[in-house]
Amino acid sequence: MVVFKFVLEKKDSESKARIGYFETIHGRVETPIFMPVGTVGSVKTVTPHELKEIGAQIILGNTYHLHLRPGDDIVNHFGGLHKFINWDKPILTDSGGFQVFSLSELKDLTEDGVTFRSHLDGRKIFLSPEKSIEIQSNLGSDIMMVLDECVPYPCEKSYVERSIELTAMWAKRCKEAKRNFWQALFGIVQGGVYKDLRKISAEQIVEIGFDGYALGGLSVGEENNIMYEITEFTTDYLPEDRPRYLMGVGTPEDILECVERGVDMFDCVMPTRNARNGLLFTSYGKLHIKRQDWKMSDDPIDPHCDCYTCKNFSRGYLRHLYKAGEILALRLNTIHNLHFYISLVKEIRNAIKNGCFKKFKREKLEMFKIGGD
Ligand SMILES: C=CCOC(=O)Nc1nc2cc3[nH]c(NC)nc3cc2c(=O)[nH]1
Ligand SMILES: [Zn+2]
């Protein structure tokens, strides 16, 4: 019985941009979509209710973090992540691979899996394709990700060549380990910045067959134009009737550029992390709320924004809160930045629907350059 289903509604006539939606047992998600990151079971500083008010349709949970704390068994005891965090819309969980490679000091990587030490208490932990699927099954996410190896940038081609074989073997084992029919499983294409290896990896992963396909190994320090080029190249080898997910991307500009190149799903900590550092996104570019310029400003962050923060508070007050180290500053900034990202992809969906995406993208990029500060 198929539960997860992606429907491609319209393809842009001037680019590879598309609009569509996918159904899960926790509801429908329209694409292109931006997914707020809720690493340890919370999108930092905001409540599920506020997320819904902002228009969030799906959020991310991190397998590595939740396995370490509180433990996926504990989450399962509470009926899974949806119940535990009281979020009844779709949740996507990562496989844990990326966090292991980026957070913990790696013990060793073998064909069977990866052994590492917890960054919390140094405890030795083993993660295999089967273990990752077991954890994600305990969490009860609507979309699970396969365990992959995200190679660093730059990376020797000979290493990447071997790595994509491991990633393909692990992807197969993840698919075989899947138990709950209602959980979707996405494959991940690797291959570094080498187009020939990207093609091989895409063909291997598509051959195994998944509910959706992610482009891994990007936004790991490579220049933007390389990320765009690899994205452009790789989406041609992915089925049109499946969602494409570009992990860890990105700035508003990145999202516009990669929607144009055929990507449907994005996640990034930028809106939430920058908010906590006082860096706010506006229609005219970025704004640093702590600047002296805003001390006496009665303007909202963004005159075009109708979020709770922009409707109720001035830059002067937000600057004051931030300088005073008030927790409310983090919350109001996060509400605005998430609303900015979610509204941007909503406008993108409308522009594709109305057949004016290229014009919309050109105008947006021009406005971002004006400069918020
Ligand atoms: C939700 C994620 C599901 O992905 C996985 O389970 N594995 C995986 N995650 C990544 C995350 C990334 N973030 C960035 N930049 C901020 N680049 C990334 C690359 C990968 C990757 O190659 N693999
Ligand atoms: Zn706002």
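Atoms within a ligand are numbered from 1 in the order they appear, just like the ligands themselves.
- Near the Zn ion (ligand 2), less than 2.8 Å away, sit the protein N, O or S atoms C305 SG, C307 SG, C310 SG, H336 ND1.
- Protein heavy atom nearest atom 17 (N) of ligand 1, with residue, atom name and distance: L218 O, 2.7 Å.
- Under a 4.0 angstrom heavy-atom cut-off, E149 registers as lying outside contact with ligand 1.
- Atoms of ligand 1 lying under 4.0 Å from at least one heavy atom of V220, given by number and element, are 17 (N).
- Using cut-offs of 30° and 60° on the angle between ring planes, the pair F186 and F4 is perpendicular.
- Formation of a donor-acceptor pair under 3.5 Å by the Q57 side chain with backbone atoms of E30 is found in this model.
- Here the protein heavy atom with the shortest distance to atom 1 (C) of ligand 1 is Y245 OH, 3.0 Å.
- Shortest contact from atom 4 (O) of ligand 1 to any protein heavy atom: M247 SD, 2.8 Å.
- Between the choices Y153, F98, F101, Y64, the shortest heavy-atom distance to atom 18 (C) of ligand 1 belongs to F98.
- The aromatic ring centres of Y237 and Y213 sit 6.0 Å or more apart.
- Of all atoms in ligand 1, numbered sequentially from 1 with element shown, those under 4.0 Å from a heavy atom of C150 are 19 (C), 21 (C), 22 (O).
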Stepwise salt bridge (charged side-chain N to carboxylate O under 4.0 Å, His left out) check, E366 with R362: CA-CA 6 Å; E366 276 311 302; R362 207 173 29 252; over 6 Å; no
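- With hydrogens and angles disregarded, no donor-acceptor distance shorter than 3.5 Å links the side chain of N354 to the backbone of C356.
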K353 and E9: CA distance, side-chain angles, deciding distance, salt bridge (charged side-chain N to carboxylate O under 4.0 Å, His left out) verdict: CA-CA 9 Å; K353 202 175 291 176; E9 287 178 300; over 6 Å; no
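- Taking the side chain as every heavy atom from C-beta outward, F34 and C268 approach each other to under 4.5 Å.
- Ring geometry for F368 against F340 counts as tilted: the plane angle lies between 30° and 60°, on a 0 to 90° scale.
- Judged by distance alone, the side chains of D298 and Y317 never bring a donor and an acceptor atom under 3.5 Å apart.
- Panel note: side chain N76, backbone N138; a donor-acceptor pair is recorded below 3.5 Å.
- Y64 and D94 are not linked by any side-chain donor-acceptor pair at a separation below 3.5 angstrom, with hydrogens and angles left out of the test.
- For ligand 1, the atoms closer than 4.0 angstrom to any heavy atom of L60 are 1 (C).
- Annotation: S95 places an N or O atom under 3.5 Å from an N or O atom of ligand 1; distance criterion only.
- In this structure, Y308 has its ring center at least 6.0 angstrom away from the ring center of H339.
- Contact analysis puts G217 in contact with ligand 1, with a non-hydrogen atom separation below 4.0 angstrom.
- No part of V249 comes within 4.0 Å of ligand 1, judged by heavy-atom distances.
- Taking the six-membered ring for Trp, H304 and Y284 have ring centres closer than 6.0 Å.
- Among all protein heavy atoms, the one lying closest to atom 23 (N) of ligand 1 is D148 OD2, 2.7 Å.
- Shown in contact with S219 at under 4.0 Å from a heavy atom are these atoms of ligand 1, numbered in order with element: 14 (C), 15 (N), 16 (C), 17 (N).
- Listed by number with element, the atoms of ligand 1 under 4.0 Å from a non-hydrogen atom of G216 are 21 (C), 22 (O).
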